[in-house]
Amino acid sequence: MKYDFKKIEKKWQKEWAKGEYKLWHASDGSKKPKQYVLDMFPYPSGEGLHVGHVEGYTASDIYSRFLRMNGYNVLHPMGWDAFGLPAENYAIKKKIHPSIVVKNNVKNFTRQLKSLGFSYDWQREINTTDPDYYKWTQWIFLQLFKKGLAYEAEIPVNWCPNDKTVLANEEVIDGGCERCGTKVERKKLKQWILKITAYADRLLADLDGLDWPERVKEMQRNWIGRSEGALLKFPITCNRPYSGALEIFTTRPDTIAGVTYMVVAPEHPLIAELGEHIENLSEVKKYIEKAKNKSDRERQENKEKTGIALKGVKAVNPWNKKETPIWVSDYVLMNYGTGAIMAVPQHDERDREFAEKFKLPIIDEPLLPNEEVIKKVGGQKKINYKLRDWIFSRQRYWGEPIPIIKCPTCGNVGVPEADLPVTLPKVKNYEPTGEAESPLAGIAKWVKVKCPQCGEWAKRETNTMPQWAGSCWYYLRYLDPSSRESLVVGSKEKHWMPVDLYLGGIEHAVLHLLYARFWHKVLFDIGAVSTKEPFMKLVNQGLILGPDGHKMSKSKGNVVNPDEMIEQFGADSLRLYEMFMGPLEDAKPWDPRGIVGLFRFLQRVNSLSVVGVTISSAIERALHQTIKKVTEDIKEFHFNTAISALMVLSNKMESLNPEFVKLLFPFAPHLAQELWSRMGNKTFLDEEPWPTWDEKMIQEDEFELIIQVNGKMRDKFMASRGISQAEAEKSALAREAVKKWIPDGQPKKAVFVKDRLINFII
RNA sequence: GCUGGGGUGGCGAAACGGCAGACGCACUAGCCUUAGGAGCUAGCGCCCGCAAGGGCAUGUGGGUUCAAGUCCCACCCCCAGCACCA
């Protein structure tokens, strides 16, 4: 029979769609054990689904179908992370409202996902740009505001001149904008900031309990960057009366005797404070000016140390009362520790480099116990983090409005919860202003509002939230997508949380995954959720590279379009190929011919007779072995070897059997369901139990006994299971091929591995 | 530099310390055919050989073991992330 994949796939997709995909509804009241299998939801771009999406979504679909057949109540939802720059930029270019752009893209993505047969619970579909959804994103912001975890401050921020908005530290990659690569500028602006640093210790400590890839945990650990040390004060002396001290942070108080100079960051307040006490103030100011003009990227590119000494000012080492000079250098950063260090060139590479360049002494002094130093000099223990607070406001249109009202008398006032959502008004012009405000600032009618506290005229906050806001909590909304009284009803949250499996790309390791953990912990603290962590197990699918081995990109012209693959070979072949390419987590290049092999496999399976012939015991044994192999492989996400096991079995089979069809189902659901129906079954495979194997059936009564001489394989013969060493030796030594290697038939020694091999040593 | 992950045929890859290369792609030969670029069968690591057979092979060099791709030590190379964080 011809493998008419188009007809088969269309037919079953239509069947599955009945009752709004009833087959895949997750029930809140089920007695079955629950499993929450979550995909990282896509940004619905104009380009449509990428083969990388297909990879991750196929993997989670296989796993979900497997769990359902094993008696689990599975929640496997899908939605849209639809706020963000691309829709807005497209809107600016084409003069179409972003919401229309998003609507069209969502339609296309939905069509594509359905054409791949993914078993989502479509009743729980969510969209972060839906006011009923972002009402709760705003609600969470208000809770952060109430707890003092959202605050406004004027600080130096990363500004992308191309996207005309500020960026979080996590969004700056190698000094460039995460999105467009444009060199980021430093600007001092008043911004909304989330106090993620208040959770640094918990975000770090709770990583240990997570079943996540080690590299992701390590990336988060590095990003949080905890270091234990101490704050120590060095009194300052100069030629005029002065009573200040320079406070430094160090992880090595034990090296204090080796201090030969001090360094402060160019932005350090000490310089302004000392003012005229500094004899060479004008030169110092010149250096500081030069350092300020350097971007972060320039500072990183050129690591040649620069600096200038503060003349007429000294610091006193509190340990040995020695006077040491104070320098200004941009290798010390103002936003870490205290912005000042004690320099120990003997023990620190950077200090050594600086000392060598400026001919400062390098002395070798004995190390002292940390505790003793801290105690004697009156210092205090301190833990520092590299993690910075999250700069949260954006000067763009297409995002959630920050629900704050700025009142001239009351200051920043949260929008009353009853007034949520603060909906995004329609504007004529989405163009960013290029200033510290979003295009919303231009809508006087929307901006003007009465202060909820004093009733006087006030203004709305016109900045919007960053792209990451909506994805910080979406996994909770799936549990209760239409709830009006809370972001998620407690009983539903308790039933489903935490997410058992979270599948997605590694690119979110220190962005989405860190932000979401932070929000989740805040929600935990206010009692809105019952678990400390949102995602128990994380699996990252590896990147699918273009046929040229490079990352797929439009400019390189190496992008593979899933729609074309489905058109040519069908969804089942595409699913199977992407799973067969290699280990799920590895990066792997697309082989344009590769999919053919999987198509051939399905074609062969399709042509097998549905009328069962009596199966031989050899095939029955192979079947049991395959059930075991595929079951274990799916549990470990080894889909490539599971598919290969199915191929091996199918190459032996003369006709279809129900177990094989069930094993195939999670991987190639359309064809498997078609075969199931051809075999005379009226049920859906989703509702069928997963096949089981009998360990006794797997055991073969004969095996190939390997004969080695000095560890090299020389011969083999069929032996019955359980053969004794004496019997094995006798039979082996009698063989011609063995006699050739052991002419006297007298090996020095024989190592016998039961039911496997015998190794003669001569 | 630090951290994590890797180096196995022409390619993607398999391999509880026990026959290295399963499965698939490509390739070769043959078959079928309504001559379809997506059919079927067989072969296919490298070297010597008509063959039988033998030798060599899992980045490099050592080690442990009856036996090492797998365990231990040192080194080289590749990929990813972070990187003047005191």
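Residue numbers start from 1 in every chain, and the chains themselves are labelled A, B, ... in the order their sequence lines are given, proteins ahead of strands. For the numbers below, each heavy atom of this structure counts, side chains included, while hydrogens, waters and symmetry mates do not.
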J.: Using the P atom as the point on both nucleotides, what is the distance between B:G39 and B:G49, in whole Å?
T.: 36 Å

J.: Could you tell me how far B:U3 sits from B:C47 if I compare only their C1' atoms? Round to whole Å.
T.: 43 Å

J.: Of the nucleotides B:C66, B:G81, B:A14, which one has an atom closest to the side chain of A:Asn640?
T.: B:A14

J.: Rounding to an integer number of Å, can you tell me how far A:Asn540 CG sits from B:C79 C1'?
T.: 15 Å

J.: So for A:Gln708 and B:C19, does any side-chain atom that can act as donor or acceptor lie under 3.5 Å from a complementary atom in the base?
T.: no

J.: Mind checking the C1' distance from B:G62 to B:G12? Whole angstroms is fine.
T.: 33 Å

J.: Among B:C56, B:A26, B:C84, which nucleotide sits nearest the side chain of A:Lys712?
T.: B:C56

J.: Tell me which nucleotide among B:G18, B:A13, B:C19 gets nearest to the side chain of A:Leu757.
T.: B:G18

J.: Given the structure, check if the side chain of A:Asn759 and the base of B:C66 hold any donor-acceptor pair shorter than 3.5 Å.
T.: yes

J.: Answer yes when A:Arg388 and A:Glu170 have at least one side-chain N-carboxylate O distance shorter than 4.0 Å, and no when they do not.
T.: no

J.: Just N and O in the side chain of A:Lys754: are any of them under 4.0 Å from OP1 or OP2 of B:G18?
T.: no

J.: Of all the nucleotides listed (B:C25, B:U3, B:A86), which has the minimum atom distance to the side chain of A:Val332?
T.: B:A86

J.: Between B:A86, B:U3, B:G12, which nucleotide gets closest to the side-chain atoms of A:Asp348?
T.: B:A86

J.: Starting from C1' on B:U3, measure out to CZ on A:Arg226 and report it in whole angstrom.
T.: 18 Å

J.: For B:A38, take OP1 and OP2 only and decide whether either is under 4.0 Å from a side-chain N or O of A:Arg593.
T.: yes

J.: CG of A:Leu598 versus P of B:C25: gap in Å, rounded?
T.: 8 Å

